[in-house]
Engineer: 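Take this structure, written in structure tokens, and hold onto it; I'll ask about it next.
In the text below, chain A, chain B and the rest are named by the order of the sequence lines, each starting its count at 1. Note that the structure is predicted; figures quoted are calculated from it, not measured. The figures that follow rest on heavy atoms only: side chains count, while hydrogens, waters and symmetry mates do not.
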Amino acid sequence: MHPTLIGKLYYSHLNGSFMKLLLIHADYMEYEVKKKTKLAEPFDGKGERVEEVLVAFTSVEKGDNEDVVKRAAEAIRDVAKKVNAERVMIYPYAHLSSNLADAETAVNLLKRLEAELSDFEVHRSPFGWYKAFKISCKGHPLSELSREIGGEAEAEVTQALRDEEERVVSYWYILTPEKQLVEVEKFDFTGYENLRKFVNYEIAKRRAVDVVPPHVEYMKRLEIADYESASDSGHIRYYPKGRLIKTLLEQYITRKCIEYGAMEVETPIMYDRNHPTLRRYLERFPARQYIIKGDKREFFLRFAACFGQFLMLSNSTITYRNLPLKIYELTRYSFRKEQRGELVGLRRLRAFTMPDMHTVAKDMEQAMQEFFNQYRLSVEVLNEIGIEAKDYEVAIRITKDFYEENKDFVHSLVDVLKKPILIEMWDHRFFYFVLKFEFNFVDALDKASALSTVQIDVENAERYGITYVDADGKERYPYILHCSVSGAVERVMYALLEKAKFMMDEGKLPMLPVWLSPTQVRVIPVSEKFVDAAVKVAEEIERGGVRVDIDDRNETLGKRIRDAQTEWIPYIAVLGEKELESGKLTVTIRSESTQKEQKRVEVTAKELVERIKKECEGKPFMPLPLPKFLSTRPSFR
RNA sequence: GCCGCCGUGGCUCAGCUGGCAGAGCGGGUGACUUGUAAUCACCAGGUCGCGGGUUCAAAUCCCGCCGGCGGCUCCA
């Protein structure tokens with residue numbers, strides 16, 4: 001942290017105020033007033049007995065307010081409904097807290113609580129008296145519960161931000177390939193069906209489907225990944241095939257970023273919740289974090305690499321000669337506690353892997369130049385992975401001011417893909433960025449998900465104290481670009497699987513790109529007699545740098561062919577008497593076959609290897625992550 | 001998070017007006033030795049998601065929880 005800048009940051013602690021409740025569902029509750037204390041509120045009764053009642057022993061703490069009371073009432077109402085209690089008794093009980101509010105406040109808030117619960121028959125025992133009581137707890141599972149009702153500053157900040165976000169007005173346009181900005185209602189979507197779906201999803205948010213997403217079925221059936229119910233929702237297990245696919249994608253994406261000029265780093269996955277800089281960044285976003293309790297401090301799990309990388313940059317000495325400066329990290333994992341109802345398969349997870357590159361740019365001109373380069377890099381990366389421009393739609397989110405000042409630049413983006421772009425324009429800036437693009441994949445159920453994205457951040461350099469020394473010797477705040485060149489790796493896998501579903505709908509056979517296929521060649525000996533020969537051929541293919549396995553199981557040829565096909569294996573090589581004589585293999589090529597007709601060729605092992613090597617050129621390679629012989633291979637489901 | 005639907009061998013599902021837990025696939029064993037989408041026979045395998053309740057009796061009815069799917073909301 002730069003000493004000159006630290007003074008600008010202020011430190012605000014949570015004060016830890018909570019209203020404490022102990023809830024007892026009782027057959028009856030009976031109390032008798034004995035003696036006044038100094039704090040007693042006026043009361044002239046002797047006590048009372050209430051049958052079938054939910055008793056709320058309550059402590060009011062310092063800092064509690066009417067907002068807390070409302071939430072406390074909500075919590076009591078919630079429990080009362082669950083246990084089917086029609087009567088509630090509020091019983092002031094100081095012993096639940098060591099941080100009590102003053103008596104006057106406490107009485108006021110207890111009265112408010114009573115009023116908030118007027119939909120029940122409410123009894124309130126008097127505050128500040130010594131009382132004797134008898135209670136008969138019902139003893140069922142929900143009959144004894146405690147609640148802490150938080151009145152954290154954070155909740156209020158978040159609410160205020162939510163309100164502000166609601167006030168941001170969005171205007172929607174389509175930027176045509178001819179660089180016309182057309183209001184979205186006036187755009188003719190004929191010939192742009194996918195864009196229509198995306199726009200509909202973004203603006204109308206109307207969807208009506210009632211099937212399991214195709215990729216969820218595929219990820220299970222192909223033993224790529226599956227839910228892990230012993231973990232939190234949205235945390236997934238990857239079987240060997242899934243892990244291989246993910247490894248290859250991760251390696252490829254990382255290499256592309258490094259080749260682009262980024263320096264790979266690694267930063268921690270958890271950070272102090274009360275760290276002054278981070279805390280203010282967190283507060284800007286309503287989504288919940290995972291919280292981990294340390295020895296003394298509380299930590300949140302990162303939702304991206306921003307924290308670690310920005311802290312690193314703020315401690316670095318950077319000059320104008322170093323710019324643009326790029327650092328990169330593959331976050332395994334980033335954590336976002338997304339709403340439960342939103343979690344589906346590989347599409348949205350609570351723990352995911354994301355390439356996260358940050359670029360420090362000298363000025364807006366350099367930032368825009370980088371933005372443009374990274375836009376093209378993203379197109380290239382997705383394309384080489386197997387997700388083509390026709391598979392996604394471009395969205396640009398931009399503030400009105402920034403658009404007005406940089407019209408030509410924004411319009412130039414349309415030249416890259418030469419297809420219409422959805423533009424969301426905000427009347428003022430709410431987020432930390434002035435410009436952002438996303439590539440949105442539209443799936444088999446017409447749902448859209450963002451893959452690649454780049455943003456120009458105009459706020460965090462100052463917040464984190466990231467500066468560079470300019471040619472005149474003065475410290476300046478740079479602009480920072482956030483780039484996820486492919487989006488989450490899991491989401492890339494989701495897109496590839498959904499794309500396979502599209503292939504099937506078109507009458508083709510679904511498959512993954514050959515470089516990502518766990519088994520690239522399966523050798524099937526016609527009968528046991530040919531297993532040795534099959535092993536020899538497989539060894540030759542393997543030496544060529546291809547993932548190959550051998551189906552040596554005691555099954556009919558037909559059965560084994562069929563199994564290879566249901567595994568989406570790109571090349572199925574059969575070996576029998578005929579092949580031994582000719583020295584060639586009979587190979588079924590999946591990509592050239594259709595559901596009606598198989599494409600079969602006769603090639604030597606060498607020719608097959610050459611073909612595969614050519615298809616996978618420039619892509620990472622990992623050996624087969626499973627036993628080579630099918631007969632020795634376990635099934636993971 | 002809210003609303004709705006679902007949860008039965010490893011997988012896909014039947015059984016659900018309460019009355020002995022089933023099938024196919026997969027797995028094991030054996031026979032067969034295979035030429036491009038499922039060879040035959042036998043065997044093993046289940047706290048019916050978990051916890052309560054109603055009942056002589058619960059996979060089946062009721063309540064709560066957990067998990068999944070869909071919708072809403074959200075998505076730095």
Engineer: Using a cut-off of strictly less than 4.0 Å between a heavy atom of the residue and any atom of RNA chain B, enumerate the qualifying residues of residues 517-525 of chain A by number.
Structural biologist: none
Engineer: By side-chain contact (heavy atoms from CB on, under 4.5 Å), which residues pair with A:N554, not counting sequence neighbours?
Structural biologist: A:E528
Engineer: Measuring from the side chain of A:V344 (C-beta onward, heavy atoms only), which nucleotide among B:G70, B:U34, B:A76 has the closest atom?
Structural biologist: B:G70
Engineer: What are the atom names and distances for every N/O pair under 3.5 Å that joins the protein to nucleotides 39-43 of chain B?
Structural biologist:
from	atom 1	to	atom 2	distance (Å)
B:U39	OP2	A:T556	OG1	3.0

Engineer: Could you pull out the closest heavy-atom pair between A:Y238 and A:A225, with the gap in Å?
Structural biologist: CD2-CB, 3.8 Å
Engineer: Measuring only the P atom in each nucleotide, how far is B:G30 from B:G67? A whole number of Å is fine.
Structural biologist: 44 Å
Engineer: Could I get a table of every N or O pair under 3.5 Å where one atom is in the protein and the other is in nucleotides 9-12 of chain B?
Structural biologist:
from	atom 1	to	atom 2	distance (Å)
B:G10	O2'	A:R637	O	2.9
B:C11	O3'	A:R637	NH2	3.3

Engineer: Applying side chain to side chain donor-acceptor pair (under 3.5 Å), name anything that partners A:T586, two or more places apart in sequence or on another chain.
Structural biologist: A:E579
Engineer: When you look at A:E602 and A:K584, which way does the salt bridge (charged side-chain N to carboxylate O under 4.0 Å, His left out) test go after all the steps?
Structural biologist: CA-CA 6 Å; A:E602 290 184 11; A:K584 290 189 171 182; over 6 Å; no
Engineer: Who passes side-chain contact (heavy atoms from CB on, under 4.5 Å) against A:E555, sequence neighbours left out?
Structural biologist: A:R553, A:K559, A:R560
Engineer: Measure from the side-chain heavy atoms of A:Y201 and tell me the nearest of B:U33, B:G70, B:C74.
Structural biologist: B:C74
Engineer: Between B:G64 and B:G15, how far apart are the two P atoms, rounded to whole Å?
Structural biologist: 26 Å
Engineer: How would you list, by chain and number, every residue that makes a side chain to side chain donor-acceptor pair (under 3.5 Å) with A:R491, sequence neighbours excluded?
Structural biologist: none
Engineer: Residues two or more places apart in sequence or in another chain: which of them pass side-chain contact (heavy atoms from CB on, under 4.5 Å) with A:E592?
Structural biologist: A:I589, A:K599, A:R611
Engineer: By side chain to side chain donor-acceptor pair (under 3.5 Å), which residues pair with A:S334, not counting sequence neighbours?
Structural biologist: A:T331
Engineer: What distance, rounded to whole Å, do you find between the two C1' atoms, one in B:U60 and one in B:G10?
Structural biologist: 25 Å
Engineer: Roughly how many Å apart are B:U29 and B:A44, using the P atom of each and rounding to a whole number?
Structural biologist: 15 Å
Engineer: Of the nucleotides B:G70, B:U36, B:A76, which has the atom closest to the A:K436 side chain?
Structural biologist: B:A76
Engineer: Would you say the base of B:A37 and the side-chain of A:Q598 have a donor-acceptor pair closer than 3.5 Å?
Structural biologist: no
Engineer: Just jot down the side-chain contact (heavy atoms from CB on, under 4.5 Å) partners of A:R340, sequence neighbours excluded, or say none.
Structural biologist: A:S233, A:R350
Engineer: How far does the C1' atom of B:G28 sit from the matching atom of B:G68, given to the nearest Å?
Structural biologist: 31 Å
Engineer: Quick one: list whatever passes side chain to side chain donor-acceptor pair (under 3.5 Å) with A:Q520, sequence neighbours left out.
Structural biologist: none
Engineer: Rounded to whole angstrom, note down the P distance from B:C65 over to B:C3.
Structural biologist: 10 Å
Engineer: Under the rule for ring-ring contact (aromatic ring centres under 6.0 Å, His included), what residues qualify as partners of A:H482, not counting sequence neighbours?
Structural biologist: A:F310, A:H358, A:Y432
Engineer: From B:G68, B:A37, B:C74, pick the nucleotide closest to the side chain of A:Q565?
Structural biologist: B:A37
